[in-house]
Amino acid sequence: MSLEHPAPSPPADTTRGRARLVGLAAALAIASTLSACGGGGASGGSDSASAGTAAGSGAASGSATPVRGGTIRYGHEQEPPCLTGGWVQEAYIDRQLLDSLVAQEKGGKIVPWLATSWKVSKDQRTWTFTLKPGIRFTDGTPLDAAAVAKNFSYWLDPRTGNSTVQSYIGGYYASSRALDATTLQLDLKKPYSPLLSSLSQAYFGIVSPQTLASGADAVCTAPVGSGPFILQKWNRGQNLTFVRNPSYDSAPANAKHQGPAYVDGIVWKFLGDQTVRYGSLTNHQSDVIYDVPTVDWQEAKARFEVQQYITPGTPVRLSLNTSRAPFDDVAVRRAFAYATDRANGVKSAFNGVIPYNGNGALSQSTPDYDASLANAYAYDPGRANSLLDAAGWSAKDGAGYRTKNGRELTVKLVYPAGSVITSEGVTLLQNIQQQAKQVGFHVDLVPATPSETFSGRYSTPDSYDAQPWYWTSPNAGVLYIVWRQNLKDSPNGNNESFYNNPELDRTIAAANSTLDPAKQKQLYARAQQIIVAEAAVVGLYTQTTSLAIDRRLRDVWLEDSQGEPVFSDAYFAR
Amino acid sequence: MSIQLDQSRDLLRVENLRVAFGPPKQRREVVEGVSFTLAAGRCLAIVGESGSGKSVTARSLVGLTGGDAHVSADALAFEGRSLLGLRDRGWRALRGKGVGFVLQDALVSLDQLRPVGKEIAEGLRLHRWGTRETRRARVVELLTQVGVPEPELRARQLPHELSGGLRQRALIAAAIALDPPLIIADEPTTALDVTVQAQVLDLLAQTKERGTALILISHDLAVVARMADEVAVMRAGEIVERGPASEVLARPRHAYTRALLDAVPSTHSKGTRLSPAPPSPLIREPAPAAAAPVRDGARVPVLEATGLVKRYRGPDGITRTVVDDVSFELAAGETLGVVGESGSGKTTTARIALALTEPDGGQVLLNGGPWTAVPERRRRARRRQIGVVYQDPLSSFDPRWSVERILLDALPEGGYPGAAQRRARIGELLEQVGLEHEHRDRRPLQLSGGQRQRVAIARALAPEPSVIVCDEPVSALDVSIQAQVLDLLTDLQAALGLSYLFISHDLGVIHHMSDRVLVLNDGKVVEQGTADEIFFSPRQPYTQQLLAALPTLAREPRDLAEVG
Amino acid sequence: MSARGVAVRLLGAIGVLWAAATFTFFVQTLLPGDRATLILNQESGQTIKRTASELAPINAKYGFDDSIVGQYLHYLGGLARGDLGSSYQLHEPVARIIGDQIGPTIVLTVTALLFAWAISLVLTIATAKRGRVRSTLGSGFETIAAGLPHYWLGVVLLVVFAIDLKWFPVEGETSLSGLVLPALTLGIPLAGFIGQVTRDEFEKVLDQPFVTSARARGMGDLGVRTRHALRHAVLPGITLSGWALGALFSGAVIVESVFARPGIGQVLVSAANARDIPLVSGVVMLLAFVYVVANLLVDLAYTVVDPRMRTA
Amino acid sequence: MSAIQPSPALPVGGPAPSAAVTAAWVRSLRPGVILASLVVLFFVLAAIAPALLAPRDPLAIDLAASLRAPSAGHVLGTDQSGRDVYTRIVHGARQSLLIGVGATALAMAVAIALGFLSGLGGRLVDGLVSRFVEVLFSFPVLMLSLLFVTVFGPSATTEIVAVGISSAPGYARMIRGQVLSVRGSGYVEAARALGHSYPRVIRRHVFPNAMRPLVVVVTLGVGQSIVWAAGLAFLGLGVAPPAPEWGAMLDAGRNYVTHAWWLEIFPGLAIVLFALSVTTIGRYLQQRLEGGPAR
């Protein structure tokens, strides 16, 4: 039993809500009770999470003896089309099913998982992993070095591959082979220091070779791994059900215990509507939910155990299209950054729950983040005006927008609606639109449907001026993915600013290939400074996820590479 | 008076019955102090035109005047028990068991979604008569009693599967199911063909003979003449005359009763005016001898039909011949009456004559020239030579249009060069049909039934035709209005030398109007001849049967008295 | 119905299905944007432009390199064999996906239809022609109900009765109690529509002579309403129900989203967003089929209520 | 003598099934009709000259005043970015009404073309058009709208086209029935008997009379179109923010429903109130037109 929290009791406002509502017309009833709920909740626990870690409002960890049994009802948000692939939505699920070679701890420290130890050659091009012996996939196939090698080949095969994996190591990977049952050798074309950190992500979870052999459909819908849970059924549009892997014995070193999970299984529900999701928790239909609505955060902190995870990698930021006017002019890009009070806009849109990230290059929780850039381009409309005047955008049209040679200062801001940018994100964009209007920018908000987004309609240089996106990554190596030059012979679709800077490219490449932490940090900082100085992106907020957990459920934690919830240590307190 | 019976023997006593509708402030009196009594086994007929309050009077006797009605009376007693202040439960006990009620038009008076037998058994069930089994037997017995053949089968059928006569019998069966001492029949034969009407009246007479008292509501004096012991004539909510049937019908004392009786067209009324109204003022002099069409130097009929045939394919895929080898001639200035029961092919014949329906065989010549056999394009210019007046004038007017617009539309194109002339012509037409200037701007919905029919006649006259086809032009009108319209048609014929193809199911009207008569049955011409030949010496059995079935005032009052 | 009637109807139904499939196929195929890119990007959560070498295997796998007409004929061929194809995005046969999801949607829509009928009938019987106040209340409710947007009503019901009062589950449950709020959300506006036509007919019927006949036999008001008037009054509503089923499926898309219920609505929205042509076409075909069946059922119900249809 | 016609005729299934009305209802709701007219007038005025009714800028943000409950300063409260909800509802009327009216107009145009083609064409044309309408009918409104939005992307035009096209078949059926009934009416026959040409009869009788009941249907349709269009916006397929539009406001307000109810309740009330008002007026008109002018 936790000492910090009283035994679970019905939430205090249940009866209050009922008493108030009886006998009132529905609409009025909502009015009265909801406004009553609207006030700030009692503050318990920390308001913001520390960088790079999961932070809870006083998680009840390990203070009671774990008990076996029970099924966790988890309310997640989005349902991905496939269970494995390269999207973070798939990673959340994979973390329950698959084991990776290594795990990353708070602060970027790498700890053993399937690999008990590893070493790297002097030229940093040959990595040798020693695997834990005797591990089997849940279909009975042994998890040996050959199986891991097959996974690598599968990911990097252009016909079957995983393009996210390819983004990370495609430029470095040469080959992999099993030296013996427990020894895997990985050969690189050039040194890549973020390798281990990258491997800690669930995209690199090891799938049974039998699944791989069954083809893409099986990999998508029924992947078999060696993880703590086994996929039982996928009820499309509704939920996934997992059962415990009874012979699980390959938990990462940072797990709270080794051996099979305590609970019997998980019902992984997809509850896209945040009101429903949070309501499901308050109504005791879920034991834990993902992404607590920011409006409910204060209340949730008082009623539940909450955890927040600030995703490392890039923050959610606006990529400015440097390949065409008006953002081909660095002065205009800077002016745009100065013109918008993003710090307050974020605070308002996200109810003060999600932190502002002024450094557009890296999220504040990423190792090697340059904190000195946190307040880059603080709101300064005066400066924005003078920059624009100097850049020739000095005239104004009837609507109050600036013009240059008769052309209006228009920014076509395309955002992927419904998936990446939540309604709160849309609120922020509207705030930015209005702020930018004050200095004469005409920001045209264009919501892109998921179909338009993913079919690449807005991925060409002539289709937008600004676009928000993020890229989760446990290390600063993500800079290589995002800022590698977009060249004819080696295109880089992830460079959404179409910003080609050989110096930046070299700096990042050098950072990626050095093992000296101090030097590496310095190089990454240099890269961040270039990006920020050039204002090729404008930082908005950190991609932040959170959990709210019923107090009966203990020891749920968010792992550190991407913030996936880990349920293998969780148990229901009696 | 002899009808003042001993009160103790009165089955029903009504004193100063008043019925008003509407909320207190806008209350509209519909029945204003009606009094009568009825002894067991007697028949009282309440006669009146629409709006006279006769139906409301009947309904107030069973408490069915509706929600916003206000009913009061000095006395309202049935079998010595006062009905005043009766609550819903009391009324329900009375209805069906004490008083049977028969409405007109059985197709809508029976629930079309339920088998006839269930409807008949309903009254039994409601008054907890017998068991399900005995009720079923009783239904068959009742149907047999009212003369329905194959009663077991009929009991299972739906109203629309039965003919109008059978439906009316079923309705009577439902009313007499519990042997009530009193039957109220509200226009029980109005929608029926004359032969069927006779059968239904016979049935009611039999019921009466078994000792049931009868209140018969009707607009038709002839129907009443046959049945009633006593007649009450209602007008505007009051009884204007009441007395033994023989007295009232033979020697009416009240002017209204007299006017009503005069208005009934019959074999005796031919050549007389039916309405007291003076002839149309425009028609001062008789028409110049009708300009008859001439062919090869000889006068030819204005309308000449030879061997007309029309077949229709029903939804069941069976082809029926509706008009079967019909031939006739209509001479200039003459009226040809076409008479027949429903389904005899009268209307189809009229439509073929108008060239609105293409015949499958035969043809019609108009004023000596081919008419139905030429394409519509060539007919169009000649259409002004033949006009039409329908039974239901309302539906023949575009509801959006005013009277003036309707008539303007009917003026021949190019016939009147200026707007002023067209307007003058319309004024003339209105005057001819006896309408006022103020009616110009009215819409059809704002006119009374008689006025509408006058507008329809004016429209038919507008293109100055030589022939007018009148398809049941007075069937929907009250008898006094009917009289006015018939007189108008007669006047117009005299003044303008028109020829009428006059279609009606009403033998009296046909005899009154026609020079010659065509009797149709099942699409075939049964008999053709002058009106007097047909009516006074019919040769064909069907015609004889038809005439025999006609309830009529023709029988001498003395005969009636003997029957009574 | 005659054999010819059945054949005509069947042909008509097949025509509707074919047209629905064709329309959907071409609308979806001719959309701008590359389908192979869409498939690749959705799997990796990216939005990038793909290289030809990346796209080639996908194009080959799904036959996108074939001509449009070729793809269409291939699709039609599949349909003729009863094969709806396989979802691009979910990697499962369309028939199986639909089969899994259609159950809850049918339960939802049918329950909603029943609710709608129950509400409108009770309301009609209790308020039609029962004095000014009562009938104004009844018809007022109907007018308001008919104008209520599903999504709004759903959110209000959810917040009041599930989140605040906790009388019903908040999400997803396929249990009976979980069905109440979604079915009410769909059923209340429909009850407004059905109620309006039923009330109108009901009031007309109460003025019919046969009702007077029944009263003249001694029948009471409730008896007249339930035994005679009701049966007539439901006829226009039954016709309406055929139309309503389509509207209910539309509404189900929204209601399933508000209440996080499984069902075809959610599948449809995500499939349309993902341009999953086989799946969208499959759902469209299904709805067209439901429409055809619904109309048959309406005819059948009509015949049951109105025996004239049997003998005419 | 009543001339009640037994009518086993099947009622026409239309998109606006509320097409039925009773005299009692209308009479009893005269004050309701006046009230409804005022509501519609208000929203029409809001659509034409929103600044007159709500002088504030519907887009202007005030981050310091976010999520304020209704008060004297902001009668209907403020949203997340401190924008005045009342102002946004008033300014949103234009977009919403435009979509409602536009969709109904489009539906009518399509339906009139199809309905008249069907009603006046021969058996073959009627059969073909009726089949086509049948196919359109088998697409539920939202289904067709989804397809449209995925093709053309979300915008007011898309919403108009989507909702318009998908509600057209119901109207088309109704117009066809109307044309057939007018064609078979007594006055058309009377006009033919007078020798008027076919085109003249169509022009002077069939067209205006077949269109007559549409006034009502159009009124009812506008309300329903707005409801459906708002449904699309609710699924995130509506017009682009921050343009104020009722459906989009509902969509945005949905996440705050437990904390800032006014964001969800008031735009919803605007839709309900407007739909209710046009329906009330439509039914009143129907009574007036079908029942004829008072005597």
Side-chain angles (χ1 to χ4, degrees), chain C residues 12 15-16 19-20 23-24 27-28 31 129 132 135-136 139-140 143-144 146-152 155-156 159 163 192-194 196-197 199-201 203 208-209 235-236 239-240 242-243 246-247 249-251 253-254 257 268-269 272-273 275 280 283-284 287-288 291-292 302 306 308 312, chain D residues 2 4 8 10-15 17-22 24-25 28-29 32 131-132 134-135 137-143 145-151 170 223-224 226-228 230-231 234-235 247 250-251 254 257-258 261 264-265 267-269 271-276 278-280 283:
Chain C
V16 166
F23 177 77
T24 321
V27 162
Q28 297 259 308
L31 288 189
K129 280 215 160 181
R132 221 177 121 142
S135 49
T136 305
S139 54
T143 316
I144 294 173
L148 285 175
H150 290 131
Y151 38 91
W152 191 66
V155 169
V156 170
V159 168
I163 292 180
F193 286 121
I194 294 181
Q196 284 172 353
V197 291
R199 169 182 305 271
D200 181 49
E201 193 65 22
E203 294 188 344
Q208 292 272 314
L235 288 175
T239 309
L240 187 64
W243 163 83
F249 270 88
S250 286
V253 175
I254 287 169
S257 140
L268 177 63
V269 174
N273 275 330
R275 268 181 65 200
V280 172
V283 175
V284 169
L287 292 186
Y291 171 80
V292 169
Y302 213 100
D306 187 347
R308 287 172 299 185
Chain D
S2 63
I4 299 158
L10 294 170
V12 186
S18 54
V21 71
T22 65
W25 155 252
S28 67
L29 267 196
R131 282 287 85 79
F132 177 69
E134 187 88 346
V135 171
F137 226 120
S138 70
F139 285 84
V141 176
L142 214 67
M143 165 88 240
S145 308
L146 267 174
L147 285 177
F148 265 91
V149 173
T150 48
V151 179
Q224 280 300 305
I226 288 179
V227 169
W228 279 121
F234 186 77
L235 290 176
L250 274 184
D251 183 30
R254 169 189 188 186
V257 65
T258 49
W261 54 270
E264 184 72 1
I265 295 299
L269 276 183
I271 293 173
V272 173
L273 207 60
F274 185 77
L276 177 65
V278 288
T279 308
T280 306
R283 300 172 109 210

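Keep in mind that what you see is a predicted model, and the values were worked out from it rather than measured.
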Below 4.5 Å, heavy-atom pairs only: which of D:I226, D:D251, D:L269 has the largest tally toward chain C? D:L269
Between the side chain of D:E264 and the main-chain N/O of C:V156, is any donor-acceptor distance below 3.5 Å? no
Give the minimum heavy-atom separation between C:Y151 and D:G231, together with the two atoms involved. CE2-CA, 3.1 Å
Sort out for me which of D:G247, D:G268, D:P267, D:G223 touches chain C most, counting heavy-atom pairs under 4.5 Å. D:G268
Atom CD1 of D:I271 and atom CH2 of C:W152: how far apart are they, to the nearest 0.5 Å? 9.0 Å
Most contacts with chain D, counted as non-hydrogen pairs under 4.5 angstrom, among C:G147, C:A247, C:G251: C:G147
Most chain D-contacting option - heavy-atom pairs closer than 4.5 Å, from C:I163, C:V292, C:L287: C:L287
How close do C:P149 and D:V272 get, counting heavy atoms only, and between which atoms? CD-CG2, 3.6 Å
Compare every heavy atom of D:V135 with every heavy atom of C:V16, then report the nearest pair and how far apart it is. CA-CG2, 3.9 Å
